Amino acid sequence: MNARSQVFDLTMEGRQVDEAVASIFHTVLFHRCLGKYMYTGDAQYSIGTVGYTDVDCDFIDFTYVCCTSDSLQRTVKRAINVFSEKLRSNEGCGSGQISLEFFKKKKSRWPFTPECIPWEVWTIHLDLIKHENEDERQMCRENVADLLTDKVIYITEIMNRHDYVPKTPSQSELDLIFDTTYPDVQPYLFKFVSSTSNSAAPSMGNAMKKMIKETLAL
Amino acid sequence: MSTQRINAAEKDLEKFIKFLALKSTQVVVQSRLGEKIQTKCNPLAGNDWFNIVVEDHPDVHAETKKALALSPGENILKRLPLCVEISLKTAEGDQMILEVWSLDLQVTGGAGGANGGTQSKNKDVVTNEKAGLNQNINTSQPETPCLKTAHAIYNRMGMLLKSLISLTRATPAYKLSRRQCPDSYSIYYRIYVEKPQVHALGEGHKTVRIGNLNTIVGNLVMSVSYRTKMTITPSATAAQARTRESNTIMIDSNHFKHCENNSKQNAGTANNKKGSAGGLGGDKKIIDIEKPLRPGAFTDVGKLRQYTEDDFVLPETPPFEWLLRKPRHESTGSTGTGYGGSIESLNRKCESPQTSPLGNGHQHNINNNAANNNNNCSATNNNVTAFKSLENDENLQQQPAPAAQLSQKSPNNSTHSQSPVKSLFIPAPINSNLHNSRQQASSPQSITLAHHLSSEDENLLKELNFPFASPTSHVNDLAKFYRDCYHAPPLKGLSEIQAETCSQAANSVANNQQQQHQTLSSCNSKGEYSFVDDLSKQLEQFETSLEDYDKLVSQFNNLQTSSSTGSRSSGGLQMSN
C-alpha cells in the first residue's frame with residue numbers, strides 16, 4: 001500500500017530546530033490523537049476527551065497546540081532531541097531529515113514480528129544556517145514563524161481531506177492501529193525516523209544485521 | 001420510512017452543527033483573550049462535544065446564542081453564516097478588523113432534496129457567500145463524498161475543530177492578542193450572523209479554508225479571512241477626538257513586536273513612540289543610554305571636556321566638612337596661582353600674617369581681633385568682641401566675599417543663630433596641606449581642589465603625568481627631576497622664622513592658643529596624612545565637646561551681663577580645646 005507523504009523543507013538556525021519540528025509534529029499528532037477508548041463490551045466503547053495545550057516557542061515567534069499529555073510530549077521531545085543533536089553536531093551547517101510515520105500493524109505468522117505498514121508520513125527536511133548578526137537572527141525568527149504558519153495551514157488542509165485513515169477495529173485488534181500505551185490520549189501508531197547527512201548511510205549489511213537481530217529477538 | 005430516517009439524520013446533523021458553531025466561537029474567542037490555554041484530557045469518557053475539551057466561556061456562549069437568535073424548534077441551518085470578527089482597538093480609539101472566522105453552509109445541487117423549505121433560504125446565503133468570500137473557495141471545490149453516518153460526521157467535525165484550534169494560533173492576530181495591553185491596544189470580538197465582511201480587512205487579505213464537510217444538507221465550510229497589512233487608518237471621529245495635527249498614524253506590522261522584544265520599552269513607551277510618530281511627542285526626548293553622547297554637528301571637539309574616570313568618583317567629603325570654611329579654597333586658589341603644591345601652601349602660611357590675616361586660621365583671627373579690640377569695642381568686653389568677630393568671620397567665610405578684612409571691622413553683622421563656636425576651629429593649614437595631598441590621586445580632597453587650580457597649573461600637571469610611561473621608565477626620572485626643580489622647597493630658615501613670628505603673635509594675644517599653634521606647626525613638618533588625622537581628631541573632639549561650647553556661650557552671656565574679665569573666658573576656650 002502506498003503511504004501518503006508530505007515533505008516540508010525548512011532552513012533555520014540550529015537552536016530553532018527542536019521547536020520548529022515539534023510545532024509541526026505536534027500539530028499533526030494533535031489531529032491524529034483520539035480520546036482513549038474505554039470498552040464496555042467488545043463492540044461497545046466510549047471515547048475519552050482530548051485536552052490541548054498552547055506551547056510558546058523560545059527561538060521562534062510562534063505558538064503551537066499540542067495534546068495535553070506529558071507522556072506523549074516526552075516521547076516527541078526525546079525523538080526530536082536525538083535528531084537535533086545529531087544534526088547540530090557538525091558545526092552548524094548540516095542537513096538532515098526527520099519523519100513522523102503513522103503505521104498500522106499486520107499480524108504475521110509466528111516467527112516473524114508483525115509487519116508495519118505506514119499509511120501516512122510527514123517528513124521535515126532541514127538545512128542549518130548560521131547567522132552573522134542579531135538583525136539577521138531577528139529576521140529569521142520572524143521568517144521561520146511565517147513559514148510555520150504556512151505549514152500549519154497546510155496540515156489542517158490535509159487533515160480535512162477525506163483521505164484514508166485506518167478504521168477503528170474491535171477491541172482485540174485495537175493496538176494494531178492505535179498506540180494504547182498512553183494513559184490520556186490514543187494516537188494512531190506512530191514512529192520517528194531520522195537521518196542526517198553526516199551520519200553513515202545505512203548499508204546493506206547493517207540492514208541485514210538488524211533484520212536477523214529482530215528475528216532472533218522473538 | 002426513508003423520509004423519516006432522513007429527517008432523523010437531519011435532526012442529528014442540525015444538533016451537531018449547532019454545537020460545532022457554539023464550540024467554534026468559544027475556540028476563536030478564547031484564543032484571542034491573550035492567555036495561554038491548557039485543558040486537561042479526560043480519558044474516562046468526558047461529556048465534551050467532539051471529544052475535545054473546550055471550556056465554555058459563559059459570555060461567549062451567551063453572545064453566540066444571541067447572535068444566532070434561535071427560537072425553540074428553529075433550524076440553525078437557516079441562520080448559518082455565523083461569523084466571529086476579531087478586531088483591534090488602540091488606546092487612541094482607532095479600530096482595525098483583524099480577521100473574520102466563519103462557519104457557513106453551502107447547498108449543493110444534489111443535496112437537501114428533502115428540505116425544500118430551507119433550500120431557498122440557503123440559496124440566498126450561497127449567492128451572498130460567493131460574492132463575499134474570495135476565490136479560494138470557488139477554485140478549490142474538491143468532490144468530497146457525502147457523509148451520511150452520524151458517526152463519521154461527528155468525527156469529521158472533531159477534526160475540523162482541532163484544525164480550528166491549531167489555526168487560531170497561527171494567524172497574525174494571535175500574536176497581537178497575546179501582546180495586547182490596555183495602554184496600547186485591546187482585542188475585541190463580535191459575533192454576527194451575516195456574510196463575512198471581508199472588505200474591512202484591507203487589501204491583500206488572505207482567506208484560508210479550514211475544512212469542509214459534505215453532508216446531506218449541504219457543504220459545511222469553515223474558513224477564516226485575515227488581514228495581512230497591519231496599518232491603521234484612523235477614522236475621522238478618532239482623529240477628531242485626538243485633536244492632533246497628524247492625520248495618519250502608520251503602525252508597522254512589527255510595531256508592537258518591537259516594543260515587546262525590547263524589554264526596556266514597555267507599553268507606555270509604545271504609546272510615546274506612537275505619539276512621536278504622529279508628530280506629538282516632539283518635545284519628549286528619549287535618551288538611549290546605550291549610545292554614547294555625541295557632540296553636536298558644529299561643536300568644536302577640542303573645547304569639549306574629556307571626562308576621565310576620576311570625574312565620576314564623587315569626592316569623599318571629610319567628616320564634619322560643614323565645619324570647613326568654604327571660601328578658603330578660593331582665596332588659596334587666588335594666592336596660589338602659578339605655584340604648585342607644597343611651595344604654594346608653605347608660602348601662604350608664611351605670608352598670611354601680613355597679607356591675609358583671615359585666611360589662615362584661628363590664631364590669626366584672634367590675633368587680629370585682639371589688635372582691633374580697641375578700635376571696635378568701646379562698650380563691650382574685649383573677649384566678647386573677639387568672639388563676635390569670629391562669628392562674623394564665619395559669616396563672611398560662608399559668603400564667597402573675598403574682602404576678608406572687612407569682617408573684622410564689623411562685629412555688628414553677627415546676628416545669625418548658628419553657634420559661632422562651630423566655626424571657631426578651622427586650623428589654617430588644613431587647606432594648604434590639602435593642596436599638598438594633590439598628588440595622591442585617591443585623596444578625595446585633591447579632587448575637589450583640582451577644580452580650583454588655574455588652567456596653567458592643570459596643564460602642568462597633565463604634562464607631568466607621562467601617561468604611557470611605565471613605572472621603571474627613565475622618563476619618570478626626568479619627570480621627577482623636573483618636578484623637583486619646579487617645586488623647589490623654600491628655605492628652611494625662612495619658614496622657621498615665619499612660624500616663630502606666628503607663634504609669638506599668638507602668644508601675645510592668649511597663651512592658650514600657643515598649644516594649638518604648636519600642634520599646627522608640628523603638623524606642617526609632618527606629612528599630610530598625619531595632619532589630616534589630626535584634623536579629624538580635633539573635629540571629633542570639638543563635636544563631642546559641643547555641650548561644653550554651649551555652656552561656654554551661655555557663660556559668655558552671663559559674663560556680658562556681669563562684665564567679668566577676659567581671663568575666664570579664655571580659660572573657657574582652653575577648656576574647650
Side-chain angles (χ1 to χ4, degrees), chain A residues 23-24 26-38 40 45-56 61-72 134 138-139 141-142 145-146 148-163 165 168 182-186, chain B residues 27 30-31 35-55 140 142-147 151-152 154-156 158-172 174-175 178 206 208-214 222 224 253-254 257-258 260-261:
Chain A
S23 63
I24 290 174
H26 269 300
T27 303
V28 171
L29 277 168
F30 179 52
H31 284 85
R32 293 280 179 241
C33 271
L34 306 181
K36 285 288 275 185
Y37 282 19
M38 303 295 286
T40 48
Y45 59 91
S46 62
I47 304 176
T49 54
V50 179
Y52 60 95
T53 305
D54 289 336
V55 182
D56 287 340
D61 194 12
F62 194 71
T63 302
Y64 62 90
V65 179
C66 69
C67 298
T68 312
S69 167
D70 287 339
S71 42
L72 180 68
E134 199 50 48
Q138 189 59 32
M139 282 287 286
R141 195 178 127 91
E142 287 167 26
D146 290 344
L148 290 178
T149 301
D150 291 343
K151 302 307 170 206
V152 169
I153 291 172
Y154 182 68
I155 291 167
T156 58
E157 201 180 294
I158 300 285
M159 290 295 177
N160 286 283
R161 278 186 199 160
H162 294 259
D163 289 330
V165 174
T168 303
Y182 296 99
D184 32 23
V185 289
Q186 183 175 292
Chain B
V27 166
Q30 282 177 32
S31 71
E35 318 161 333
K36 275 168 85 172
I37 294 174
Q38 179 168 29
T39 58
K40 289 239 160 64
C41 291
N42 186 1
L44 300 168
N47 293 321
D48 298 276
W49 272 91
F50 311 110
N51 302 112
I52 301 167
V53 186
V54 178
E55 279 164 17
S140 61
E143 285 301 313
T144 51
C146 183
L147 291 170
H151 179 74
Y154 188 83
N155 284 345
R156 278 278 150 201
M159 190 67 88
L160 203 56
L161 204 57
K162 280 177 181 170
S163 294
L164 181 68
I165 292 168
S166 293
L167 261 186
T168 47
R169 272 74 180 169
T171 59
Y174 180 76
K175 285 169 198 167
R178 285 291 294 275
K206 271 191 188 170
V208 172
R209 186 157 66 169
I210 302 159
N212 69 311
L213 282 179
N214 202 356
M222 196 182 266
V224 57
S253 60
N254 61 359
K257 206 180 292 173
H258 186 240
E260 176 135 317
N261 288 344

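To find a chain, count down the sequence lines: A is the first, B the second, and so on, and within it residues start at 1. All values derive from a computational prediction rather than experimental measurement.
Atom-to-atom distance recorded for B/S166:OG and A/H26:NE2 is 11.5 Å, nearest 0.5 angstrom.
Under the 30°/60° scheme for interplanar angles, the aromatic rings of A/Y45 and A/Y37 are found to lie parallel.
More than 12 heavy atoms of other residues, nucleotides or ligands lie within 6.0 Å of CD in B/Q38, so this atom counts as buried by the packing criterion.
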Quiz item: Yes or no on side-chain hydrogen bond (donor to acceptor under 3.5 Å, both in side chains) for A/T63 and A/D54, after CA distance, side-chain angles and deciding distance?
Solution: CA-CA 7 Å; A/T63 302; A/D54 289 336; over 6 Å; no
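For B/K40, the part lying under 4.5 angstrom from a heavy atom of chain A is the backbone only. Using a 4.5 Å cut-off between heavy atoms, B/E55 makes no contact with chain A at all.
Chosen from B/I52, B/V54, B/I37, the residue pairing most often with chain A at heavy-atom distances under 4.5 Å is B/I37. Options B/G211, B/A170, B/S163 differ in how many heavy-atom pairs under 4.5 Å they form with chain A, and the most are formed by B/S163. Chain B forms the most heavy-atom pairs under 4.5 Å with one residue out of A/V185, A/I153, A/T27, and that residue is A/I153.
Looking only at distances, no side-chain donor or acceptor of B/N51 sits under 3.5 Å from a matching main-chain atom of A/V50.
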